[in-house]
Q: 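Sharing a structure here in structure tokens format.
Values reported hereafter were calculated over all heavy atoms of this structure, with side chains retained and with hydrogens, waters and symmetry mates removed.
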Amino acid sequence: MDSLTQIVLGAAVGEAVLGKKVGNKAMLYGAIAGTIPDLDVAARFFVDTVTALEMHRGFSHSILFSVLFAPLFGWLVSRWEHGASWKQWSWLFFFGFITHPLLDAHTTWGTQLFWPFDLRLAYKNIFVIDPLYTLPFLVFVILAMLRKRDDPKRRRLNKIGLWASSIYLCITLLLKGITYFKFQEALENQGIDYIELETKPAPLNTILWTANVQTEDAYLIANYSLFDTQPITFSKHLKNHQLLGDLANNEKIKRLIKLTKGWFIIQEKDDGLYFNDLRFGQLSVDTAAEDYVFSYKLEQVGDELQISENQKRPEDGKQLITDLWERLKGN
């Protein structure tokens, strides 16, 4: 999830663990704990693109990280914060660390909670930025923060924020199930044979959902809003995996394919080949569009294959938000 959401969750967890004893300091250190796992993004400054992708939401998002580093951070904070013991600060950091990947597991990218085991949990029921999850949660955390630490209303407000956000997550799982069966029904009604079906919410909401459908030689993409009245239509995107040629045997390409779990499309443009990760969708609500959120340019430089992420343009994001608002209202 985005940084603000993890800060809010961390602050609420810190308050629940130690707020009655140290007041707003619990929120402060909880927010810090909720931020620390995402510092793994700094890896992109030191390693190649593929390695950075593999490291993201890896060790720092694992149970092992929480167990090993919570006592260390707890000990460090206890050196200058004497309102709670080392053990109590350690528990605050543990719950601040562990709730971060537990929430991230609900997104499309998922998280390697059981690192070093090669298992990524990704429930795909919430987008990485979801105002309906974050903003009410933020309001309750702020209201709790404004109360004195021994005020019973402080803990009550914080609990409401935690419960409201958790209930919303449960609702998104229900919506995922409903929309999954809608897509499945549409495929059956249209007589489409497919290998696999995956669904995920469109950006910033859980009203509009997207389906990726794998067939023998192509992927089908469709959108469905809970307010739709017209049948679901699927757009075809050829896999074009054969365009990789000998690059299919390249170690970096094999690692990229593993990261995408096979959900990728190859494009040949004027300036070279592009590897598109289909899991994160398109930069458009038009399912026939060929601009993908995560696209990587493949360049052979001497004996080395260089892989670089295609940079996104701010204007694409602005247009997407406008189009999303219109599309989620139904067709």
Q: Taking a hydrophobic cluster as the set of Ile, Leu, Val, Met, Phe, Trp and Tyr residues connected by side-chain heavy atoms closer than 4.5 Å, whether directly or through intermediates, do Leu169 and Leu208 fall within one such cluster?
A: no

Q: Can you check side chain to side chain donor-acceptor pair (under 3.5 Å) on Arg147 and Asn158, steps first, answer last?
A: CA-CA 11 Å; Arg147 296 278 179 173; Asn158 191 62; over 6 Å; no

Q: Can you run down the side-chain hydrogen bond (donor to acceptor under 3.5 Å, both in side chains) pairs that involve residues 58-71, sequence neighbours left out, and say none if there aren't any?
A: Asp38-His61, Asp40-Ser60, His61-His100, His61-Asp104

Q: Which pairs, with at least one residue in residues 165-206 and sequence neighbours excluded, count as a ring pair (Phe, Tyr, Trp, His ring centres under 6.0 Å)?
A: none

Q: Pairs in or reaching into residues 258-282: which pass ring pair (Phe, Tyr, Trp, His ring centres under 6.0 Å), with residues at least two apart or in two chains?
A: Trp109-Phe280, Tyr219-Trp263, His241-Phe264, Phe264-Phe275, Phe280-Phe294

Q: Is there a donor-acceptor pair under 3.5 Å between the side chain of Asp2 and the backbone N or O of Ile129?
A: no

Q: Does the side chain of His56 come within less than 4.5 Å of Val41's, by heavy atoms?
A: yes

Q: Lys176 vs Thr199, test: side chain to side chain donor-acceptor pair (under 3.5 Å). Steps then yes/no.
A: CA-CA 7 Å; Lys176 181 178 175 71; Thr199 61; 3.0 Å; yes

Q: Just by distance, do the side chain of Asn223 and the backbone of Val285 share a donor-acceptor pair under 3.5 Å?
A: yes

Q: Between Ile178 and Trp209, is the side chain to side chain contact (heavy atoms under 4.5 Å, CB included) condition met? List the steps.
A: CA-CA 10 Å; Ile178 292 171; Trp209 290 74; over 6 Å; no

Q: Any salt bridge between Asp228 and Lys182, counting N to O under 4.0 Å?
A: no

Q: Check Arg154 with Glu15, please: is the shortest side-chain N to carboxylate O separation under 4.0 Å?
A: yes

Q: Which heavy atom of Thr206 sits nearest to which heavy atom of Leu226, and what is that distance?
A: O-CD1, 4.1 Å

Q: Checking Phe69 now: which residues fulfil side-chain contact (heavy atoms from CB on, under 4.5 Å) with it, not counting sequence neighbours?
A: Phe59, Phe65, Leu72, Phe73, Phe97

Q: Is Asp277 salt-bridged to Lys261, cutoff N-O under 4.0 Å?
A: no

Q: Please list every donor-acceptor pair under 3.5 Å in which a side-chain atom of residues 295-306 meets a protein atom from a residue at least two apart or in another chain.
A:
unit_1: Ser295; atom_1: OG; unit_2: Asn276; atom_2: OD1; d: 2.7
unit_1: Gln300; atom_1: NE2; unit_2: Gly302; atom_2: O; d: 3.4
unit_1: Gln300; atom_1: NE2; unit_2: Glu304; atom_2: O; d: 3.4

Q: Which residue pairs pass the ring pair (Phe, Tyr, Trp, His ring centres under 6.0 Å) test with at least one member in residues 19-53, sequence neighbours excluded?
A: Tyr29-Trp89

